[in-house]
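None of the values given here were measured: they were computed from a predicted structure.
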Amino acid sequence: MNFDRNVEKGRFPQRWWEDERLKTVQTMDKGEKHLVPFLAPKIYPLEPLDKPFDETELEQRFVSAFARVLAQHRQLKVYMESCVKCGACVNACHTYQGTGELRNVPVMRADLLRRYYKKYFTTQGAILGPIVGAERVTLEGLKEMYYYFYQCSQCRRCSYYCPMGIDTAEITRYGREILIQCGFVSQFHWSVLTSMWKTGNHMVITKPGLMDTVEFLEEELKEETGVDIKIPVDDWDAELLYNPSSADFFAYPDTMMGVAKVMHAAGIRWTISSDIIETGNFGLFLHENTMRMLNKRLIDQTFKMKNCAEVVLGECAHGWRTWKMMTKTVNGEWVDKRFHYVHLVHKLIELIDNGVIKVDPSRYEGMRVTLHDSCNNARAGGLIEEPRYVLSKILPEGSFIEMTPNREMNWCCGGGTGILWDDPESINLRVKLSRNKAEQYKAVNPDIAVVICSIGKAHNTFIVHDGYKDELDHVKIKGLVDLVGDAIVDFPFPKNKYAKS
């Protein structure tokens, strides 16, 4: 089977696969571009495809990739063999509850990969085949696997209900790793990784563009506070390297301004690096080697700094998970010996508890504030009580209202792994994936929802201002450092940011 890739040399491809057989699976015929696979070109460091293939080559390529992943991640073999089909994960999955599609039940989604494991990696499956649920790889089968694996937000909520300890999100991650080696990848994810590799951020912000934006934000800070507050760039003599999310320079400038207020009030000499203004690491979602290389890119920035003693990671949940949980394993334990790294929330606790910055809780008098526990912060990154502690210091008593459930058991907002952002045609599906989160907001009816995650801010903003606008349009989505910065007594309180709609 041949595919006409029509890739112009030196240009990023913009076309979807056009072969008619890619449209034959019923679930693919819904107009949702995100869920139509994109035949990726060979771009270092990713190597999914460098030539067209027929279905025989596809099978060989898939089995080879699966074997490599199994060899590198022994837990995947355990997950493939341990499931007892108890159904405990059914009601734990927001994707299944929102869409009602059986293949979105975590166990049934995992079976889309498990059927191939049984066929090619078990004696029973090789001999008995379909009798034990083993199937041979086909193009149609991989299209189906792609479709459902890219609806999983890898929130890991189902893993908390599994009596066998199976982490279905890891199955999704490894499945995507195999799929990308066969050329199946979301164009949005691919463009993000390509942008990150070329510019050090997801939004393709060049250094001149960054400097212009920083200048604009400094003017905004001056107008808001009356104080010259700087956002230093490439100050290699600084003592602290702050790694933000690139979205904080455009989509969520209040977060970047909040950080600048905190650092100024604390008297810290800090900087950001123009080479990588991105805590997020999309390699986590589909390609481990890319995750490792992008992680190392941030590590390398510290070697430019003479006095750097600390790296502070910004409000990006999957970025924090990547750094905290995987840096030692993918980049080596020497990292810990080079510098101290913390999440921004940890730094806020240190500065508040030591009296370095002083806050005025009365500024939020009369406001109802809730907290969205981002999946990669809470379930995967252990950042649970810390943000609540910070909120207890900056809010009046009784202002904070918990959602139910919360902490590790909180519902995913539906935006995990950045799915569906690039596709206006998928709005109806995004609404379905967000239903449980929207019901939580309706029950609490907050004025402000704190979200310590860039992807989470984007998707929660979609929930309250688009998907469920009639009931939730009054809710303001804010980062934690936004509220801390605006509570600092050194600066006037910008009431306009919190005025009720």
Rounded to the nearest 0.5 Å, the CG atom of L344 sits from the CG atom of L480 at a distance of 7.5 Å

One should read off an interatomic distance between N428 CG and L433 CG, to the nearest 0.5 angstrom, of 11.0 Å

For K347, the side chain to side chain donor-acceptor pair (under 3.5 Å) test, sequence neighbours excluded, returns E310, E350

The reported gap from CD1 in I448 to OH in Y498 (rounded to nearest 0.5 angstrom) is 6.0 Å

Q: Measure up the Y146 and F184 rings against each other and bin them: parallel (under 30°), tilted (30 to 60°), perpendicular (over 60°).
A: tilted

Using a distance-only test with no angle check, is there a side-chain donor-acceptor pair under 3.5 angstrom linking Y174 and E170? yes

* **Side-chain donor/acceptor of S186 to backbone N/O of H189, under 3.5 Å** => yes

- Any side-chain heavy-atom pair from Y242 and V259 closer than 4.5 angstrom? yes

Any salt bridge linking E385 with R407? Criterion: basic side-chain nitrogen under 4.0 Å from a carboxylate oxygen. yes

Output for pair (F149 CZ, T172 OG1), nearest 0.5 Å, gives 5.0 Å

Distance col, row L217:CG vs M256:CE, nearest 0.5 angstrom, shows 8.0 Å

Worksheet entry | Pair D275 + R297: basic N to acidic O under 4.0 Å | yes

All heavy atoms of I463 vs all of A438, minimum pair found to be CG2-CB, 4.0 Å

Start with the C-alpha distance between S153 and C412, add both sets of side-chain angles, then the distance that settles side chain to side chain contact (heavy atoms under 4.5 Å, CB included), and finish with yes or no.
CA-CA 8 Å; S153 62; C412 177; 3.3 Å; yes

Donor-acceptor under 3.5 Å (N243 side chain, T279 main chain): yes

Worksheet item: Are side-chain heavy atoms of S245 and E315 found at a separation under 4.5 Å?
Response: no

- prompt: Can you find a heavy atom in the side chain of C413 that is under 4.5 Å from one in the side chain of F462?
  reply: no

Query raised in the report: Can E288 and R292 be counted as an ion pair, charged N to O under 4.0 angstrom?
Result: yes

Next on the checklist: Please determine whether side chain to side chain donor-acceptor pair (under 3.5 Å) holds for the pair Q151 and N104, giving the CA-CA distance in whole Å, both sets of side-chain angles, and the decisive distance to 0.1 Å.
Outcome noted: CA-CA 8 Å; Q151 287 184 65; N104 274 325; 3.2 Å; yes

Original post:
Considering only heavy atoms from C-beta outward, does the side chain of T417 approach that of R176 to under 4.5 Å?
Top reply: yes

Exercise. Quick one: is the NZ or CZ of K437 closer than 6.0 Å to the six-membered ring centre of Y441, and within 45° of its axis?
Worked result: yes

Taking everything shown except E219 itself, do over 12 heavy atoms lie less than 6.0 Å from its CD? yes

request  = Give a yes or no answer on whether the side chain of N201 reaches the backbone of I205 with a donor-acceptor pair at less than 3.5 Å.
outcome  = yes

Of all heavy-atom pairs linking I452 and L371, the shortest is CD1-CD1, 4.3 Å

Between the CZ atom in R74 and the CG atom in L76, the distance rounded to the nearest 0.5 Å is 12.5 Å

_Ignoring hydrogens and geometry beyond distance, is a side-chain donor-acceptor pair present between Q97 and N436 at under 3.5 Å?_
yes

Please tell me if the side chains of K393 and D353 come closer than 4.5 Å, counting only heavy atoms from C-beta onward. yes

In short, ring pair (Phe, Tyr, Trp, His ring centres under 6.0 Å) pairs touching residues 200-225 with sequence neighbours left out are H202-F282

Notebook entry, point to check: Does R68 pair with E177 as a salt bridge, N-O distance under 4.0 Å?
Noted result: no

Inset, instruction - May I ask you to test the E402-T370 pair for a side-chain heavy-atom distance under 4.5 Å? - result: no

Shortest non-hydrogen pair, I229 vs A260, comes out as CG2-O, 3.6 Å

Handout entry: E439 and K442 ion-paired at < 4.0 Å
Key = yes

For I178 and A65 the tightest heavy-atom approach is CG2-CB, 4.0 Å

Residues pairing under salt bridge (Lys or Arg N to Asp or Glu O under 4.0 Å) where one sits in residues 254-263, two or more places apart or in two chains, turn out to be E224-K261, D254-K478, D254-K497, K261-D486

Looking only at heavy atoms, the pair that brings G175 and L113 closest together is CA-CD2, 4.2 Å

Student check: side-chain heavy atoms of L179 and C182 closer than 4.5 Å | no

- Message: Please tell me whether S434 and H94 have a donor and an acceptor in their side chains that are separated by less than 3.5 angstrom.
- Response: no

Side-chain donor/acceptor of R435 to backbone N/O of V431, under 3.5 Å
no

TODO: Show your working on salt bridge (charged side-chain N to carboxylate O under 4.0 Å, His left out) between R379 and D167 and close with a plain yes or no.
DONE: CA-CA 11 Å; R379 277 188 284 273; D167 192 336; over 6 Å; no

Does the cation-pi check pass for R173 over F285, that is, NZ or CZ under 6.0 Å from the six-membered ring centre and within 45° of its axis? no

| said: Tell me whether Q440 contacts the main-chain N or O of P405 through its side chain, where contact means a donor paired with an acceptor under 3.5 Å. | reply: yes

For T168 and C89, run side chain to side chain contact (heavy atoms under 4.5 Å, CB included): C-alpha distance rounded to whole Å, both residues' side-chain angles, the deciding distance at 0.1 Å, then the answer. CA-CA 9 Å; T168 308; C89 59; 5.7 Å; no

Discussion item. Between S159 and R156 (side chain of the first, backbone of the second, donor and acceptor by atom type, cut-off under 3.5 Å), is there such a pair?
Written reply: yes

Practice problem: Classify the angle between the aromatic ring planes of W320 and H343 as parallel (below 30°), tilted (30 to 60°) or perpendicular (above 60°). | Solution: perpendicular

- Got M263 and L240 here, is their nearest side-chain heavy-atom distance under 4.5 Å? yes

Would a distance-only check, ignoring hydrogens and angles, find a side-chain to backbone donor-acceptor pair under 3.5 Å from N281 to M291? yes

(message) Between Y148 and A110 (side chain of the first, backbone of the second, donor and acceptor by atom type, cut-off under 3.5 Å), is there such a pair?
(response) no

Looking only at heavy atoms, the pair that brings L348 and V390 closest together is CB-CG2, 4.4 Å

TODO: Kindly determine whether I231 and W270 satisfy side chain to side chain contact (heavy atoms under 4.5 Å, CB included), including the steps that lead there.
DONE: CA-CA 8 Å; I231 301 175; W270 66 294; 3.9 Å; yes

H372 and N410: side-chain donor and acceptor closer than 3.5 Å? yes

Report the C-alpha distance between D447 and V369 in whole Å, list the side-chain angles of each, state the deciding distance to 0.1 Å, and finish with yes or no for side chain to side chain contact (heavy atoms under 4.5 Å, CB included). CA-CA 6 Å; D447 299 306; V369 181; over 6 Å; no

Only residue of V214, D237, T271, I272 satisfying side chain to side chain contact (heavy atoms under 4.5 Å, CB included) with P232 is T271

